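If you're wondering where the values come from, they're calculated on a predicted model, not measured in any experiment. Reckoned from all heavy atoms, side chains included, excluding hydrogens, waters and symmetry mates.
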Amino acid sequence: MRLIATLIILLTATCSYAQFGKLLKEKAKNLASQENINKLKGLAGDKLNEARAEMDSTSFSFAISVNDNADFFDTDTGSDKVLKAFTNLQTNEESTEEEKARRLLDAGELAYAKGYYNKAEVLLTSAMLKYETNSISGVNYLTTISDLGLLYGTMGRYAKSEEFNIKALEKRKEELGEKSAGYGASLNNLAVLQKETGRYNEAEKNAKQAVEVLRAASGEESMPLAIALNNEAMLYQAVGRYEQADEILKNAIAISKELQSEKSNNHQKFLSNQAFLYQEMGKYEQSEEIYNELMRVKERRLGSNHPDYAHTISNLASLYIQMGKVDKVEGLLKEARDIYKKKFGDEHSLYASSLSDLGNFYRFSKRYDEAKPLLEEAVEIKLKALGKDHPEYVQGKEDMAIVEWKLGNIAEAKKLYLETLNQSLDFINEYFPPMSESEKTKYWDKLRPRFERFYSFAFDQSESDKALVKDVYEYHIATKGLLLNSTNKIKSKILNSGDKALIDEYLLWIDQKQTLAQYYAYSKEELEEQNINRDSLESATNQSEKRLSEKSDLFSEGYQLKQVTFEEVKAKLKEGQGAIEFVRYRYFDNTWTDEVYYAALVLSSTTSVPDVAILKNGAHLETRYFKYYNNVIHQKLEDTYSYDQYWATISPLVTGKRTLFVSTDGIYNQINLNTLSKDGKSLLEQYDIHYLGSSKNLGAASISTSTKNSFLIGNPTFGGSEIAPLPGTKSELLAVSKLMTSNGYKISQYLAADATEVNIKKVDNPAILHIATHGYFLQDVDGNKEKVFGISAESAKNNPLLRSGLLLANAGTVADQMASLNDSNNGVLTAYEATNLKLDNTNLVVLSACETAVGDVKAGEGVYGLQRAFLSAGAKSLLMSLWKVSDEATQELMTSFYANWLKSGNRQKAFKQAQLSLKSKYKDPYFWGAFVLVEN
């Protein structure tokens with residue numbers, strides 16, 4: 001009778017199975033006969049199948065990704081009590097081989113749920129072998145394979161996990177079909193494993209497919225779908241796509257809340273993920289509120305020795321570091337570490353993560369001697385558990401590099417850092433090709449701080465180890481313009497592929513972008529009124545770009561980062577020449593500081609490593625000194641200050657050099673070095689300064705076209721009363737047209753009412769594109785306005801390519817808020833629209849308009865605005881302005897530039913001659929220094 005008593009206690013302990021317990025209690029009154037035992041067994045079997053159906057939708061069949069790489073599934077659903085009861089009930093009975101296999105499966109799942117992983121492995125493997133040796137197939141056999149895949153993932157044995165996940169996927173596809181929930185579950189499980197092992201591209205494909213399959217198979221309001229959505233959100237968080245993760249995770253939580261108790265473990269996992277996501281997004285108070293509630297619930301339900309409780313307090317500790325509540329951190333991290341060790345042993349990746357957390361806290365607290373052994377142990381465990389190519393292992397090596405740096409072990413720190421950055425470049429090569437540009441941007445935002453930390457380390461040690469400066473140079477030029485370069489390479493590969501279907505898909509994507517550009521003119525209310533879902537079109541456009549990116553291996557091959565060495569660049573420099581690569585970086589001193597530094601790396605033909613000048617006043621260069629520079633330029637005053645701030649420390653490094661190839665970064669994109677002067681002599685008079693996108697392109701041949709054609713557009717008839725006319729641009733274009741015609745150029749020219757948005761969108765790879773009109777860039781957008789130059793203020797606020805543009809014919813109606821929403825010829829060509837222009841074979845774009853070089857400056861990537869747009873469209877070089885300048889001065893500069901260029905064929909020399917000529921007439925840099933010529 002002892003067995004029955006135990007059975008009743010176990011079953012009545014869980015409310016959701018109380019009815020099952022009551023029935024079993026009634027039937028258990030007389031167990032004397034085998035007949036009654038068989039009846040009880042049948043009843044229990046029926047109810048067990050119901051319990052399994054519920055459990056399969058919420059636990060063992062589905063890997064659940066959590067933010068701290070914790071266990072993949074709900075560890076305590078209550079269903080295990082039913083399984084245990086049924087297993088005990090059948091222990092001494094005669095059973096078929098299938099029943100014995102099922103009993104092993106049940107016991108294995110119970111052991112897994114309770115965290116007895118070695119026991120679970122033995123039981124589940126025995127079940128699988130029994131199914132296979134007796135040729136028994138079916139749902140339970142498939143579940144056994146799937147369980148083993150999940151179990152090995154939880155144990156950190158990822159190779160075995162992948163083996164069984166793939167086996168389960170293939171067999172479910174074969175036996176259940178690609179539309180079944182079982183197939184969706186296996187897709188989900190494989191995606192989670194791939195995410196945990198850092199294979200983000202593969203993970204995203206499978207995660208998206210899992211969502212689609214489970215949405216169709218299980219419905220919009222189902223836990224399988226909620227789990228798959230949660231996992232998709234966690235993947236997006238891992239690669240920095242936070243807004244997308246937030247939206248999807250909110251959907252998963254809403255579904256879960258309707259289907260389960262808010263205190264259920266799955267729901268709490270979703271909430272924990274949300275708290276961690278908010279933490280990474282900087283929403284600290286919201287994150288803390290969720291963590292505190294989770295901690296109370298888990299301690300009450302599971303006790304303070306449970307891994308779920310450890311996950312929560314560990315995350316809360318990391319949040320407290322960010323919030324400055326450091327007095328609460330150490331105790332929480334030690335408690336979490338001890339729980340993990342007791343639960344999982346000292347070879348598990350979760351235990352390693354807890355050591356990393358505690359070690360990094362000690363590092364943060366400058367307790368380096370205590371931090372080092374913890375971080376060393378963590379790295380060793382991660383290498384064994386995750387492998388050398390896992391992002392967590394690479395992060396662990398960087399943690400060690402920082403500690404060695406702070407302990408003064410510079411050689412070891414350097415070794416670790418170089419290994420870390422080389423692997424980071426490998427990640428870029430692996431993950432970037434199939435990503436869209438927006439996805440690349442978010443991933444690079446997560447990865448770039450690692451390079452900035454290295455720059456701080458390297459420049460701190462550059463006096464004693466000058467080779468580090470060369471390392472900085474090579475990593476910087478490898479990653480500079482990373483996002484722009486990847487987009488242009490993919491585009492070039494498509495257009496030159498000869499694959500008609502691929503090119504057609506590319507043109508369809510361009511069409512989607514053009515439609516999207518039109519929809520950006522709509523406010524929320526107008527979108528609703530016309531039943532337009534702009535978000536859906538944005539998503540579809542993004543997916544089209546991804547498909548194009550991954551369509552063929554040629555993109556991956558073509559994208560590979562071109563790692564140019566210092567020696568290769570140096571070899572292209574001649575005597576009297578120098579190259580300057582500016583590097584903007586935030587200063588890292590054990591943690592991020594508020595300081596911004598600039599490094600000017602100077603190369604010459606004779607140096608063994610770059611010379612370096614460090615400007616530690618970067619924050620002032622970007623604020624007060626830049627404001628001063630702007631004021632004296634516009635007020636036409638003598639500038640006695642800017643030279644000392646922006647150039648004085650660099651000047652000694654370029655002594656004896658006449659020609660300087662300059663690649664700017666940060667605030668140096670917003671000033672013209674030629675305008676800086678000392679003792680009445682400007683840099684324009686001292687040097688021949690050639691602006692390059694990157695010094696690694698030094699000496700690269702310009703792409704020339706066999707056709708001499710040019711496209712000129714300007715002097716638009718704006719209409720309305722808000723925009724001042726530009727009569728000087730007519731004279732400018734006529735003069736330029738005359739010069740080109742006399743030099744054999746075929747001219748397409750659009751003036752006045754013909755200077756329309758529609759006409760400029762017809763441009764098709766001219767050798768020269770010259771645009772003479774008003775340009776604009778809006779640093780800030782007034783949230784009270786509905787429209788900004790015809791664009792929804794809400795859209796413009798979030799995208800610098802929508803806050804900048806060119807004004808063309810009829811733009812005055814936009815300024816007066818009179819433009820038709822459906823009119824793609826509204827007179828405003830936004831930078832976003834300009835990215836779609838056909839300029840891949842265009843050698844020069846001249847933006848003879850005000851402030852065309854202005855925009856949002858992004859370190860390492862340049863200026864997001866018209867400059868970015870025309871480079872993305874394919875232009876090989878740009879002549880553009882940094883501030884508003886008079887019609888007359890611009891006309892003289894442009895006419896002189898073209899006359900000199902068409903005569904000599906040297907673009908840079910011609911531009912300098914034009915500047916000097918204008919300077920002889922107008923002393924103030926306001927007139928002659930507004931324009932810069934940048935070679936891409």
- Is there a side-chain contact between T830 and V828 (heavy atoms, below 4.5 Å)? yes
- Task: Check whether any side-chain N or O of T756 sits under 3.5 Å from a backbone N or O of N759 as a donor-acceptor pair, and report yes or no.
- Result: yes
- Check for a donor-acceptor pair, side chain of S651 on one end and backbone N or O of A648 on the other, with a separation under 3.5 Å. no
- Please step through salt bridge (Lys or Arg N to Asp or Glu O under 4.0 Å) for the pair K572 and E568, ending with a clear verdict. CA-CA 7 Å; K572 297 174 183 176; E568 288 173 317; over 6 Å; no
- Query: Are the aromatic ring centres of Y598 and Y668 under 6.0 angstrom apart?
  - Reply: yes
- Message: For a quick check under 3.5 Å, do Q577 and T659 share a side-chain donor-acceptor pair by atom type?
- Response: no
- Which pairs pass salt bridge (Lys or Arg N to Asp or Glu O under 4.0 Å) with one or both residues in residues 909-919, sequence neighbours excluded? E685-K919, D688-K912
- T664 side chain to N669 side chain, donor-acceptor N/O pair below 3.5 angstrom: yes
- Where the side chain of H620 meets the backbone of Q645, is there a donor-acceptor pair that is under 3.5 Å apart? no
- Query: With no hydrogens and no angle check, is any side-chain donor or acceptor of T773 less than 3.5 Å from a backbone partner on L807?
  - Reply: yes
- Query: Does S896 offer a backbone N or O that forms a donor-acceptor pair with the side chain of N900 under 3.5 Å?
  - Reply: yes
- Judged by modelled atom types alone, do E575 and S605 share a side-chain donor-acceptor pair under 3.5 Å? no
- Query: Got Y629 and D639 here, is their nearest side-chain heavy-atom distance under 4.5 Å?
  - Reply: yes
- Heavy-atom check, side chain of L844 versus side chain of L933, under 4.5 Å: yes
- Side-chain contact, heavy-atom cut-off 4.5 Å: F626 with L621? no
- Item | Lys NZ or Arg CZ of K678 over Y643 ring: under 6.0 Å, within 45° | no
- Message: Donor-acceptor pair, distance only, cut-off 3.5 Å: does the side chain of D611 make one with the backbone of T607?
- Response: no
- Query: So, does D887 use its side chain to make a donor-acceptor pair with the main chain of G728 at under 3.5 Å?
  - Reply: yes
- Compute the centroid of each ring, for F931 and then for F897, and state whether the two points are separated by less than 6.0 Å. no
- Message: Determine whether W928 and V885 satisfy the following criterion, side chain to side chain contact (heavy atoms under 4.5 Å, CB included), listing intermediate values before the conclusion.
- Response: CA-CA 9 Å; W928 58 263; V885 70; over 6 Å; no
- Item | Residue pair T675 / N672, side-chain donor-acceptor N/O under 3.5 Å | no
- Query: Can you check whether M880 reaches V934 side chain to side chain, under 4.5 Å on heavy atoms?
  - Reply: yes
- Message: Under a 4.0 Å threshold between the charged nitrogen and the carboxylate oxygen, would K876 count as salt-bridged to E935?
- Response: no
- Message: Surrounding NZ of K923 (heavy atoms of other residues, nucleotides or ligands, distance under 6.0 Å), is the total greater than 12?
- Response: no
- Query: Does the separation of the ring centres of Y646 and Y625 fall below 6.0 angstrom?
  - Reply: no
- Strictly by modelled atom types, are Y691 and S663 linked by a side-chain donor-acceptor pair under 3.5 Å? no
- Message: Would you call the rings of F566 and Y473 parallel, tilted or perpendicular, taking 30° and 60° as the class edges?
- Response: perpendicular
- Strictly by modelled atom types, are N697 and S694 linked by a side-chain donor-acceptor pair under 3.5 Å? no
- Query: Would a distance-only check, ignoring hydrogens and angles, find a side-chain to backbone donor-acceptor pair under 3.5 Å from N843 to A767?
  - Reply: no
- Message: Please evaluate residues H770 and E732 with respect to the criterion side chain to side chain donor-acceptor pair (under 3.5 Å), reporting the C-alpha separation (whole Å), side-chain torsions for both, the decisive distance (0.1 Å), and the verdict.
- Response: CA-CA 10 Å; H770 187 111; E732 174 188 327; 2.7 Å; yes
- Query: Counting N and O atoms only, with roles assigned by atom type, does the side chain of T895 sit under 3.5 Å from a partner on the main chain of E892, one being a donor and the other an acceptor?
  - Reply: no
- Note on the structure: Between L878 and Q867, the two heavy atoms sitting closest are CD1-O, 3.6 Å
